[in-house]
Amino acid sequence: MTSTRLTIGYALFLLVGSSMLCDCNAFSPADNYLIDCGSLVNTTVDNRVFLADVSLYSSLATPSNIFANTTANSVSSFESSSLYQTARIFIGPSSYSFPILKKGRHFIRLYFFPFVYQSYDLTSANFSVSTQQFILLSNFQATNSSVAEFKEYSMNINTDTLILTFTPVGKSLLAFINAIEVVSVPDDLISDSAQSLNPIGTYNGLKEQVFETIHRINMGGLPVLSAQDTLWRSWQSDQSFLINKNAAKFYSFTETINYVQGGATKDTAPELVYSTATELIASNTSLSLYNVTWEFDVDTSFPLMIRLHFCDIVSKVLNQLYFNLYINGLIGIEDLDLSALTTNTLAAAYYVDFFLRPSNGSGKVHVSIGPSTLANVPPDGILNGLEMLKMNTSMSSFDGQVSIVSKNESKRKLALLLGSLLGAFFVVVIAVFLFWVLSKRRKLLRNYQSKTWLHLSNFKDGIHSPVSKCSNGTTHQNALGLQFPFAVLQEATNNFDENWVIGVGGFGNVYKGELKDKTKVAVKRGNSKSHQGITEFRTEIEFLSQLRHRHLVSLIGYCNENNEMILVYEFMKNGTLKSHLYGLGLPPLSWKQRLEICIGSAKGVHYLHTGSAKSIIHRDIKSANILLDENLMAKVADFGLSKAGPDLDETHVTTAVKGSFGYLDPEYFRMQRLTEKSDVYSFGVVLLEVLCARPVIDPTLPREMINMTEWAMKCLNKGQIEEIIDPHLSGLIRTKSLEKFVETAVKCLADYGVDRPTMGDVLWSLEYSLQLQGSVPTTSKMDGLNEVAQLSSEVHEGKSGLKDNLSDASMSNVFSQLMESEGR
Ligand SMILES: *[C@@H]1O[C@H](CO)[C@@H](O)[C@H](O)[C@H]1NC(C)=O
Ligand SMILES: *[C@@H]1O[C@H](CO)[C@@H](O)[C@H](O)[C@H]1NC(C)=O
Ligand SMILES: *[C@@H]1O[C@H](CO)[C@@H](O)[C@H](O)[C@H]1NC(C)=O
Ligand SMILES: *[C@@H]1O[C@H](CO)[C@@H](O)[C@H](O)[C@H]1NC(C)=O
Ligand SMILES: *[C@@H]1O[C@H](CO)[C@@H](O)[C@H](O)[C@H]1NC(C)=O
Ligand SMILES: *[C@@H]1O[C@H](CO)[C@@H](O)[C@H](O)[C@H]1NC(C)=O
Ligand SMILES: *[C@@H]1O[C@H](CO)[C@@H](O)[C@H](O)[C@H]1NC(C)=O
Ligand SMILES: *[C@@H]1O[C@H](CO)[C@@H](O)[C@H](O)[C@H]1NC(C)=O
């Protein structure tokens, strides 16, 4: 592994460096994101402020916020060492998002230093780093605890946001990062074409390439630190790359470099690079001529762009210096005459780009300068700087094997699928809508004319009485509960302060609020322009006002003043179940807590199905609609899509398909026949979500894992239960409890509604699972084996041949993994 950061430094050099700090024409990047990951304070390095990671909460999605620090130092990087003292540790896929202000080429710089923090040993982390389009690093491990690693990439970003994702792979459950830079690159730094050596010609298309810097060298001089470079690049000294040091001498120049005539700018390379060179020693016996050769390690499976920097600082007069340039033995430029290339100026900065496909096997690239064969030319030659960049292939990855293309493909497929689903959905919606418009035209007109959304008298008989509009700041008690004046809710929510938003629904925001008497409330403010919203709000009021249950979120009141659609609910301090499972980095819930939450929500749904004369189908059961109060008691929320269930003499309600992707009952989807069993299916998805703690649809995962339910069922069928269990629960679930739970989830997910249990059965099974968990966190290992075997066979019940797949080998595998997880 090579690193572009230097390995040694001199205090003296730092002094020299700091005198070069101010460059008043310095490039000012449009995007300049510098983050000191895992740090609680801002860190200034080279006059640049790397922001504390805490201020970026909103742009980092990670399962758990782990800030790590160390006092250990890296032996290999004295530069930026303060950035290496803290790290973010990721225990699951985690993404930083950077809004891109100016599309185009950007540097992405990553700093890694593996240290041990609490129980996390970062040398064991094995992970990938990718953007939306490209895998920068895959199966990356930093195994030497005394060496910091630095990676620099440059790529075109044509999206509004750059999402940088860190994903633990293999057996490792860890990823980490010490610091990140995402910085704009000047447009003209990389031109589109380069001189190609094999085949000979011109290579076009550099602008679209992703590059990884593998070497950046200052010939004939000391290292150049990032603070001395207008683009904060580091340059190494060439000494350790020279093969025949005896043939070379170092030359440095003290006058000003001409940046006008040669085509290079200060952003191409700083003066420090152009004002030193390694020069060929002119032999005094013209018979013994040498080449000066540098040798570089490369990964030969990727093409390279090699940029060479020249500046004739050695000649006293024009047209004195002629030499040959070779790359891997191929002639790059013959009789190179810098005077001619820089319109007859000495000390003018010039560069040339080459495209090279490195040859197989050696893993090396050689760059040489050698004497010209022209007559009457003294042997000489110079090189001032070199950059060697790895280029991407069509694989969209800097790993030979893995490609992000397959991911994108499955994303496209998902998009296509969603597209066609939505298409079908809209056809149905339009048909229903037309029908509705025709039959309800009168009511609709009346609603429009009165400009108020709530006509409670339109609701079902007997339940509600019409409500008089409230005024003068008082609240009115009525059949529905409280009617709130708008002003009261305005005050309670700090005038609908954006910072008080605790949730965003399809038709408006949910704000936290506090009434005068200090009662905390959640205030859902609908968008009165949305007719969909009107329907859903009515539905919600209609159902919620009829239903009172411990495990259903209760409606405190509403407001229909000023054409507003506002509902006021009891405040659920702990937010959604979803937020506790993944994405927000909240502390993981224990298995018991999860079971209790499942039981609570099952009770809520069970009550919906059976609690009143006519059953109510929720239609949008998902983890985001299960709310948790301060004691983590679960309540089912959001009845906007709810529908009365089938009458006794009917088997189902025929209705347009609505709900949330990933939770939709496939049978309801196919047949548009809605029964209570559709809720049971969605509840089964929630159960799996609780077990796996991952999104039900996650397009960033490998194709077979995108849909949680499919993936989990596949793993369960193969007996690989441990594959899907939230690592936080690993070893903490009693096998019998797990068995009952998984069996329940699997039954809920049966293809046909008739095969699914009722919510009452589900509730019973979950309570049984809780009992089986008992108070002991783990169970004995021999038990474990038998239980898993039994569980596997139950899961496979009815599917012929599956039992046979459970060969002894795979069982012992299950056993050993079980031992492993329970041994912790
Ligand atoms: C870090 O710097 C940013 C921008 O200068 C500032 O907004 C922020 O408050 C600072 N954070 C800390 C923890 O000092
Ligand atoms: C990490 O930071 C904490 C809080 O600032 C400090 O108490 C602790 O000593 C630090 N640990 C190391 C190893 O630097
Ligand atoms: C880690 O790197 C240091 C410095 O390069 C080296 O001396 C040491 O041998 C390396 N350790 C291992 C285990 O490779
Ligand atoms: C890292 O994980 C990958 C993917 O599972 C695996 O192939 C590789 O061997 C692991 N690397 C190491 C050094 O363990
Ligand atoms: C070549 O020149 C160097 C000084 O420039 C001198 O020391 C050396 O002896 C010379 N070698 C020969 C073979 O003349
Ligand atoms: C320099 O290297 C090139 C390419 O390997 C070779 O053709 C040439 O003969 C070498 N010149 C000298 C003086 O060794
Ligand atoms: C490089 O090696 C691979 C197999 O290792 C071979 O198929 C290919 O032809 C080689 N290419 C060249 C240019 O030698
Ligand atoms: C990678 O390289 C290919 C050509 O080799 C190019 O078409 C493609 O756009 C490049 N960029 C990415 C992000 O894959």
Side-chain angles (χ1 to χ4, degrees), residues 1 105-106 108 114 121 123-144 153-159 162 167-175 190 192 194 196-197 203-212 243-244 246-248 280-283 285-295 301-305 323-336 355 357 359 364-374 377 379-381 383 389-408 702 723:
M1 236 14 301
R105 189 166 287 277
H106 288 67
I108 299 175
D121 180 357
T123 59
S124 72
N126 183 1
F127 58 100
S128 69
V129 182
S130 55
T131 70
Q132 296 102 306
Q133 281 92 34
F134 200 85
I135 300 176
L136 299 172
L137 270 173
S138 73
N139 300 347
F140 173 70
Q141 286 202 306
T143 46
N144 189 329
Y153 304 91
S154 97
M155 67 190 295
N156 257 326
I157 303 177
N158 294 317
T159 46
L162 168 72
T167 314
V169 295
K171 288 220 178 297
S172 153
L173 295 173
L174 289 183
I190 303 285
D192 198 50
S196 169
L197 290 167
Y203 178 91
N204 293 309
L206 290 180
K207 286 233 184 262
E208 291 315 311
Q209 283 290 324
V210 180
F211 295 113
E212 176 181 350
I243 291 186
N244 42 350
N246 296 336
L280 178 73
I281 293 180
S283 164
T285 63
S286 59
L287 294 174
S288 60
L289 298 177
Y290 307 99
N291 282 341
V292 175
T293 300
W294 293 264
E295 182 178 83
S301 36
F302 292 88
L304 298 172
M305 177 184 132
F323 59 98
N324 290 344
L325 170 81
Y326 307 93
I327 296 178
N328 264 2
L330 304 166
I331 184 86
I333 306 177
E334 196 165 13
D335 305 322
L336 176 62
F355 169 81
R357 286 184 197 285
S359 49
K364 310 274 186 205
V365 164
H366 293 102
V367 173
S368 314
I369 49 173
S372 161
T373 49
L374 291 177
V377 168
D380 204 346
L383 182 61
L389 309 177
K390 183 164 151 181
M391 291 172 55
N392 80 290
T393 62
S394 51
M395 287 286 273
S396 298
S397 159
F398 276 144
D399 176 288
Q401 275 98 56
V402 196
S403 163
I404 212 160
V405 172
S406 62
K407 274 194 186 179
N408 285 344
E723 287 280 311

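Whatever order the structure lists them in is the order used to number ligands and atoms, beginning at 1.
For atom 6 (C) of ligand 6, the closest heavy atom belonging to the protein is Asn291 ND2, 4.1 Å. Here the heavy atom of the protein found nearest to atom 13 (C) of ligand 4 is Gln141 OE1, 2.6 Å. Ranking protein heavy atoms by distance to atom 4 (C) of ligand 4, first place goes to Asn139 OD1, 3.8 Å. Tyr326 CE2, 4.3 Å is the protein heavy atom nearest to atom 7 (O) of ligand 6. Scanning all protein heavy atoms for the shortest distance to atom 5 (O) of ligand 6 gives Gly329 CA, 3.8 Å. With respect to atom 11 (N) of ligand 4, the closest heavy atom belonging to the protein is Asn126 ND2, 2.9 Å.
At a heavy-atom cutoff of 4.0 Å, ligand 8 is contacted by the side chain of Gln209 but not by its backbone.
The side-chain heavy atoms of Phe398 and Tyr153, taken from C-beta on, include a pair separated by under 4.5 Å.
Looking only at distances, a side-chain donor or acceptor of Asn392 sits under 3.5 Å from a matching main-chain atom of Val210. Put simply, the side chain of Asn156 gets close to the backbone of Arg105: a donor and an acceptor are under 3.5 Å apart. Of the possible donor and acceptor atoms, one in the side chain of Asp121 sits under 3.5 Å from a partner among the backbone N and O of Thr123. Proximity of a side-chain donor or acceptor of Asn204 to a complementary backbone N or O of Asp192 within less than 3.5 Å is not detected.
Under the 4.0 angstrom criterion, atom 9 (O) of ligand 4 counts as lacking any protein heavy-atom contact. In this structure, atom 2 (O) of ligand 6 has a protein heavy-atom contact shorter than 4.0 Å.
In summary, the atoms of ligand 8 found under 4.0 Å from a heavy atom of Glu208, numbered by their order in the structure, are 10 (C), 11 (N).
The residue from Val210, Asn392, Asn156 that puts a heavy atom closest to atom 14 (O) of ligand 8 is Asn392.
The two residues Phe323 and Asp380 have their closest heavy-atom pair at CB-O, 3.1 Å. Here the shortest heavy-atom pairing between Met305 and Ile190 reads CE-CD1, 4.2 Å. Closest non-hydrogen pair, Lys390 versus Phe302, comes out as CE-CD1, 3.5 Å.
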